[in-house]
Amino acid sequence: MEKDDSFRASIGDIYAGFAGQEAYPTVEEKAANLLYFVVKNHSFLDGNKRIAAALFLYFLDCNRILFDEAGRKRLADEVLVAVTIMIAESRPDEKDAMVRLVMHFLCGA
């Protein structure tokens with residue numbers, strides 16, 4: 001059950017931009033920020049981390065990047081669990097580091 005409109009804001013934020021430039025131009029950046037925003041915004045009465053992780057996987061799958069060229073998940077389930085908990089425990093000033101960590105697992109960069 002949603003607490004407020006912050007879930008919609010989390011979705012909208014990944015598509016935000018200014019002067020014709022997207023804030024998060026790649027699908028991977030959108031996915032990493034979506035995971036971060038849904039975890040940190042606490043939009044639901046319960047299950048925020050589970051919902052964020054499931055939505056993250058769904059977003060990757062819808063954009064056909066859940067699996068690598070060899071057919072393996074880009075993020076192993078235990079890695080996603082650990083990263084999701086790290087995001088939940090992180091301070092707001094660590095947002096960029098958390099997003100970079102997710103990007104590392106998605107892109108290897």
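Counting begins at 1 with the first residue of the sequence.
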Shortest non-hydrogen contact between Met86 and Leu101, atoms and distance: CE-CD2, 3.7 Å
Same apolar cluster: Val81 and Tyr58, side chain cutoff 4.5 Å: no
Separation between NZ of Lys73 and CG of Asp61, rounded to the nearest 0.5 Å: 9.5 Å
Sidechain-backbone polar pair: Asp68 side chain, Ala70 backbone, donor-acceptor under 3.5 Å: yes
Atom pair CZ/CG of Phe59 and Leu35 - distance to nearest 0.5 Å: 11.5 Å
Atom pair NZ (Lys3) and CZ (Phe44), whose distance is rounded to the nearest 0.5 Å: 10.5 Å
Transitive ILVMFWY side-chain link Leu57 to Phe67, under 4.5 Å: yes
Ile14 CD1 to Tyr24 OH distance, which is reported to the nearest 0.5 Å: 9.5 Å
Interatomic spacing from CG in Asn33 to CE in Met98 - rounded to 0.5 Å: 12.5 Å
Verdict with reasoning, Ile11 to Leu55, per side-chain contact (heavy atoms from CB on, under 4.5 Å): CA-CA 10 Å; Ile11 302 294; Leu55 183 62; 3.9 Å; yes
Single-linkage hydrophobic cluster, 4.5 Å side-chain cutoff, Val99 and Val79 together: yes
Pairwise side-chain contact, Thr84 with Val39, heavy-atom cut-off 4.5 Å (strictly under): yes
Closest heavy-atom pair and its distance - Ser10, Leu34: O-CD1, 4.3 Å
ILVMFWY network linking Val102 to Tyr15, side-chain heavy atoms under 4.5 angstrom: yes
Distance under 6.0 Å and angle within 45° of ring axis: Lys95 vs Tyr36: yes
Which atom of Pro25 lies closest to which atom of Glu29, heavy atoms considered: CD-OE1, 3.1 Å
Lys49 atom NZ: more than 12 heavy-atom contacts under 6.0 Å: no
Gap between atom CG of Leu80 and atom CD1 of Ile87 - 0.5 Å precision: 8.5 Å
Asn48 side-chain N/O to Lys40 backbone N/O, donor-acceptor pair under 3.5 Å: no
